[in-house]
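Remarks on the structure that follows.
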Amino acid sequence: MPYLEAPERLGEVFEGEPGYRADQLREWLYKTPVLRPESMTNLPGGIRQRLEGHLWPFEVELEQFADKGRTRKWLFRAPDGAAIESVLMGYPRRATLCISSQAGCALGCTFCATGQFGFERNLEAGEIVAQVAFAQAFLRQIGMPGVPDHLTNIVFMGMGEPLANYPRVREALRRMIEFMGFSARSITVSTVGIVPGIRMLADEPWPVYLAISLHAADDELRSRLVPINKRYSLAELEAAAADYLEKKRRRLSIEWTMMDGVNDTADQAEKLARIALRLRAHVNLIALNPTPLTQEKAPKGTVIRAFAGMLEGRGVNVTIRDTRGRDIDAACGQLRVFSGKRGLGG
Ligand code: SAH
Ligand code: SF4
């Protein structure tokens, strides 16, 4: 499975073949991905056949559409049974892929379906990159009507906490940027606030965008919603985010999943505004998406708009995010499929 190899080591897939074969395959994998080896037209038939069934490190188990075909969710299944989900969202001038960095997640945020069903395993760098290559091949060869024929944005907002799988996510970023040709500016890493991970990412050569999933602006409430806050407090998280901003000069974003009566109050808006202004961060408000075990509800639209208004009134940049793919459980926080042997999911 060539995506599982480091791009530099592809020669090993082609033992006994001339060196340029590895270069040709590298082009097909990273620059102009295709869905099937048979489309790798400059490779001899024998090699294409050898790759048949081994190109991707997973099988496509399920493909779902929503939003008139402009949202597509894939459930990929690795040979060991691990589930990997990606969501492609097409727009007139953008195609954004939401990728997973882990199968499941160990961090147990109360409102997140992935967190509710526990942790399965870290994804390999190749499994992360293959999600991107697959979507790229899909857009190139099949496409979505009225949507660019290539990915313009990649967001680590699928299953898992990217900074809890640091070395593999780092290697995946390296391949996306150095081999696939994505600019760091087209990539967003979303984190719940793994402080050492943020500090390491700040020292990498790539200025990727950082999104902080905050959801609460004081330690008491945040520790209730996001258990990892007991380990890395808000003050430590803010300091690490400020360090990232200082080093990378990339505008930070703060993600805020809105829950009725929980974090939609004037008090939270006030505290959030202070943090956002100090970090010069853009705030994205997301109405809670329904998950099987969440008691909370999304606030009414008027409440969300009022909350946005309170932030704006204090000089904060705010966007109310549209929720794509809700009806196919493809929206933020809804990804959760498991192998069936572990966890409760099906
Ligand atoms: N672990 C990372 C990235 C994956 S979660 C993180 O937490 O940032 C991606 C985003 O979805 C996060 O901002 C997360 O807080 C949000 N999210 C989780 N559950 C949600 C839900 N039920 N409704 C709306 N957003 C949710
Ligand atoms: Fe994990 Fe992010 Fe879900 Fe929290 S919100 S459980 S960190 S995937």
Side-chain angles (χ1 to χ4, degrees), residues 1-7 9 13 29-30 33 35-36 51-64 72-88 97-109 112-138 154-176 180 187 189-192 194 197 228 291-293 325 328-346:
M1 285 177 208
Y3 281 108
L4 295 183
E5 300 293 331
R9 295 185 45 193
V13 177
L29 295 180
Y30 297 102
L35 294 166
R36 302 275 308 273
L51 287 171
E52 192 59 57
H54 302 287
L55 176 59
W56 303 102
F58 40 59
E59 279 179 10
V60 183
E61 185 167 304
L62 188 71
E63 200 174 18
Q64 285 176 295
R72 185 173 282 242
K73 177 170 86 166
W74 289 290
L75 163 61
F76 303 112
R77 186 75 71 180
D80 70 348
I84 303 169
E85 292 185 47
S86 313
V87 182
L88 176 62
L97 184 70
C98 177
I99 57 172
S100 297
S101 56
Q102 301 180 309
C105 182
L107 299 179
C109 301
C112 169
T114 307
Q116 287 160 358
F117 286 85
F119 178 66
E120 197 164 6
R121 70 166 168 84
N122 283 318
L123 297 187
E124 296 299 331
E127 291 173 319
I128 300 171
V129 170
Q131 297 169 62
V132 177
F134 190 92
Q136 191 79 307
F138 168 81
I154 298 163
V155 298
F156 281 81
M157 292 190 183
M159 284 197 290
E161 167 51 43
L163 300 183
N165 184 16
Y166 194 86
R168 298 176 191 85
V169 165
R170 181 199 188 279
E171 171 62 12
L173 288 173
R174 185 186 77 90
R175 292 187 203 174
M176 288 174 204
M180 302 183 100
I187 303 175
V189 173
S190 176
T191 180
V192 72
I194 308 290
I228 195 71
T291 79
L293 302 180
I328 53 169
D329 287 350
C332 267
Q334 291 187 320
L335 305 182
R336 67 175 183 100
V337 173
F338 273 72
S339 67
K341 280 178 243 126
R342 278 166 276 192
L344 305 166

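Since this is a predicted model, take the numbers as computed values, not measurements.
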- Message: Please determine whether side-chain contact (heavy atoms from CB on, under 4.5 Å) holds for the pair I128 and E171, giving the CA-CA distance in whole Å, both sets of side-chain angles, and the decisive distance to 0.1 Å.
- Response: CA-CA 9 Å; I128 300 171; E171 171 62 12; over 6 Å; no
- Please report the C-alpha distance between R175 and E5 in whole Å, then the side-chain angles of each, then the deciding distance to 0.1 Å, and finally whether the salt bridge (Lys or Arg N to Asp or Glu O under 4.0 Å) criterion is met. CA-CA 11 Å; R175 292 187 203 174; E5 300 293 331; over 6 Å; no
- Message: Between V155 and I187, is the side-chain contact (heavy atoms from CB on, under 4.5 Å) condition met? List the steps.
- Response: CA-CA 6 Å; V155 298; I187 303 175; over 6 Å; no
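Partners of A135 by side-chain contact (heavy atoms from CB on, under 4.5 Å), not counting sequence neighbours, listed by chain and number: W74, L97, L151.
Counting only heavy atoms from C-beta outward, the side chains of I154 and Q131 never approach each other to under 4.5 Å. Residues L173 and F156 meet the side-chain proximity criterion, which asks for heavy atoms closer than 4.5 Å. With a 4.5 Å cut-off on side-chain heavy atoms, L4 and E127 count as touching. Looking at heavy atoms from C-beta onward, L55 lies out of side-chain contact with L35 at the 4.5 angstrom threshold. Side chains of L51 and R36 form no contact here, defined as non-hydrogen atoms less than 4.5 Å apart. When side chains are defined from C-beta on, Y30 counts as touching V129, because their heavy atoms get closer than 4.5 Å.
Taking the six-membered ring for Trp and thresholds of 30 and 60 degrees, F76 and F58 have nearly parallel ring planes, at less than 30 degrees apart. Aromatic ring pairs are classed by plane angle as parallel below 30°, tilted from 30° to 60° and perpendicular above 60°; the pair W56 and Y3 is parallel.
Proximity of a side-chain donor or acceptor of E161 to a complementary backbone N or O of L163 within less than 3.5 Å is detected.
Side-chain N/O atoms of Q334 and T291 include no donor and acceptor closer than 3.5 Å. Looking only at atom types and distance, the side chain of N165 has no donor-acceptor partner in the side chain of Q102 under 3.5 Å away.
Put simply, OG on S101 and CD1 on I84 are 11.0 Å apart, with the number rounded to the nearest 0.5 Å. To the nearest 0.5 Å, the span separating CG on N122 from OH on Y166 amounts to 14.0 Å. Taking CE of M159 as the start and CG of L123 as the end, the distance is 7.0 Å to the nearest 0.5 Å. Distance OG1/T114 to CE/M157: 13.0 Å, rounded to 0.5 Å. Here CZ of F138 is found 12.5 Å from OG of S86. Values are rounded to the nearest 0.5 Å. One distance of note links CZ of R72 with CG of L88; it measures 8.0 Å at 0.5 Å rounding.
Between E85 and R77, no side-chain nitrogen of the basic residue sits less than 4.0 Å from a carboxylate oxygen of the acidic one, so the salt-bridge criterion is not met. The pair E124-R168 counts as a salt bridge, with a side-chain nitrogen and a carboxylate oxygen less than 4.0 angstrom apart.
Closest heavy-atom contact between C98 and G158: SG-N, 3.3 Å. For the pair P33 and A133, the tightest heavy-atom approach, listed with the atom from each and the gap, is CB-O, 3.5 Å. Closest heavy-atom contact between P162 and S190: CG-O, 3.1 Å. What you find for M1 and P79 is that their closest heavy atoms are CE-CG, 4.1 Å. The minimum heavy-atom distance linking R174 with P7 is given by the pair NH2-CD, 4.1 Å.
For E63, the CD atom counts as densely surrounded, since its 6.0 Å shell holds more than 12 non-hydrogen atoms of other residues, nucleotides or ligands.
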